[in-house]
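Read the structure below first, then the notes.
Keep in mind the model is a prediction, meaning the values are calculated, not measured.
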Amino acid sequence: MSANTHPKPQREALNLDDAEGCGQGTAMEKASALVAATESELIKAAVPLSSQSPIQRLPEEIFAEIVAQSLGLIRHSPSKFDSIHPTTAYYIQLYRFRHVATSWKELIDSTPQFWTEISSFCPPNVVWIALVKSAEAPLHITLGNPIQRGPDLSFLSSAPRTSESKTTTLDTFWSYAGPQIPRWKSASFHFLPNPTPIAQKFLVNPVPLLERVQITRMEDFGPEFSSVTAVDLFGGQAESLKELSIRSFPILWESPLLRQVEVLTIEGRGLNIKIQQLVDILRDNGKLRDLTLNII
């Protein structure tokens, strides 16, 4: 599936303010409680701020920076509840900001940089909204463990969704994120011990803007674990790549990408890497400044 054969998300499909009731969570009671509380807070906070409020008189660029700094703390910090992925917490907070005042909502909705977190931990409607609102901005992609569930955020929007709305399935996430490959700037992929062909699609296409990537495969001790076919990572075409972390996921160790990165981490089991291949990487990469090896 080529990154150029998919239509881009269309803005007409969205209605951010047509909220629906929060669904019932089953496996994540704390997360569902937070979401329910958030919905109530959004409704209460919808009263417009006075035009004389000091924060209302801030220049837009300063206010946008304050919001960005606040969201950045969430993006790079543990969630309030351990069961909620930071990207989910990020969008909960972003929607809180949107409902404080009309001017806040308009600024956030018109700032693509606020919508660049694209994660399968979020439901399809939130992923879709983020892709549309992010316009042409570079994206940060997170493909989560497909057996891990997230909190129900369906009340955030009536955008396209599936019956299982807590997180986005692998197929759906690829159909949304795959066409945006030219915009990927960073990525974190978490795979099952035996990745499906759909899963491996995330790793075989050229990614011109990608600077950082983390690839992790869940470990098990079954006989098939070491028989996974090595992937030609991004077809050897990721000219911006500077940081690469691989855990228990075999790739072609002759890849030119290993000769260009500045930070390289290789660890885990089932990598099928030979000592001579490691020596060749060290010999051929004159840019490498940080190497971590922990091979079992």
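In this structure, CG on Leu233 lies 6.0 Å from CD1 on Ile246, to the nearest 0.5 angstrom. Taken to the nearest 0.5 Å, the CD1 atom of Ile295 stands 6.0 Å off from the CD1 atom of Ile266. Atom CG in Leu210 sits 5.0 Å away from atom CZ in Phe234 (nearest 0.5 Å).
Counting only heavy atoms from C-beta outward, the side chains of Leu170 and Leu143 approach each other to under 4.5 Å.
In the hydrophobic clustering of ILVMFWY residues, with side-chain heavy atoms under 4.5 Å counting as a link, Leu203 and Leu252 come out apart.
Side-chain atoms of Arg183 come within 3.5 Å of backbone atoms of Ala137 as a donor-acceptor pair (strictly under, hydrogens ignored). Between the side chain of Tyr90 and the backbone N or O of Phe114 there is at least one donor-acceptor pair closer than 3.5 Å. The closest donor-acceptor contact from the side chain of Tyr91 to the backbone of Val127 lies at 3.5 Å or more, if one exists at all. A distance-only check finds no donor-acceptor pair linking the side chain of Gln180 to the backbone of Leu139 [under 3.5 Å].
For the side chain to side chain donor-acceptor pair (under 3.5 Å) test, residues two or more places apart in sequence or in another chain that qualify with Ser186 are His140. Applying the side chain to side chain donor-acceptor pair (under 3.5 Å) rule to Gln200 yields no partners; only residues at least two apart in sequence or on another chain are considered.
For the residue pair Ser248 and Glu219, a side-chain donor N or O sits within less than 3.5 Å of a side-chain acceptor on the partner. In this structure, a donor-acceptor pair under 3.5 Å is absent between the side chains of Arg212 and Ser245.
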Name each donor-acceptor pair under 3.5 Å that joins a side chain in residues 285-292 to protein atoms two or more places apart or in another chain, with its distance.
| residue | atom | partner | partner atom | Å |
| --- | --- | --- | --- | --- |
| Asn285 | OD1 | Lys287 | N | 2.8 |
| Asn285 | OD1 | Leu288 | N | 3.0 |
| Asn285 | ND2 | Leu258 | O | 2.9 |
| Asn285 | ND2 | Val261 | O | 2.9 |
| Arg289 | NE | Glu262 | OE1 | 3.4 |

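Aromatic ring orientation, Phe189 versus Trp184: tilted (interplanar angle from 30° to 60°). Between Tyr95 and Trp115, the ring planes are perpendicular. Angles over 60° get that label, and only those under 30° would be called parallel.
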- Ser175 and Thr172: side chain to side chain donor-acceptor pair (under 3.5 Å), yes or no, with the steps? CA-CA 5 Å; Ser175 72; Thr172 300; 5.1 Å; no
- Message: Assess the residue pair Leu244 and Thr265 against the criterion (side-chain contact (heavy atoms from CB on, under 4.5 Å)); give the C-alpha distance rounded to whole Å, side-chain angles, the decisive distance to 0.1 Å, and a yes or no.
- Response: CA-CA 6 Å; Leu244 173 61; Thr265 299; over 6 Å; no
- Message: For a side-chain contact (heavy atoms from CB on, under 4.5 Å) check, start with the C-alpha distance between Phe121 and Phe173, then their side-chain angles and the critical distance, and finish with the verdict.
- Response: CA-CA 10 Å; Phe121 283 99; Phe173 193 65; over 6 Å; no
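In Ile275, the CD1 atom is not crowded: 12 or fewer heavy atoms of neighbouring residues, nucleotides or ligands sit closer than 6.0 Å.
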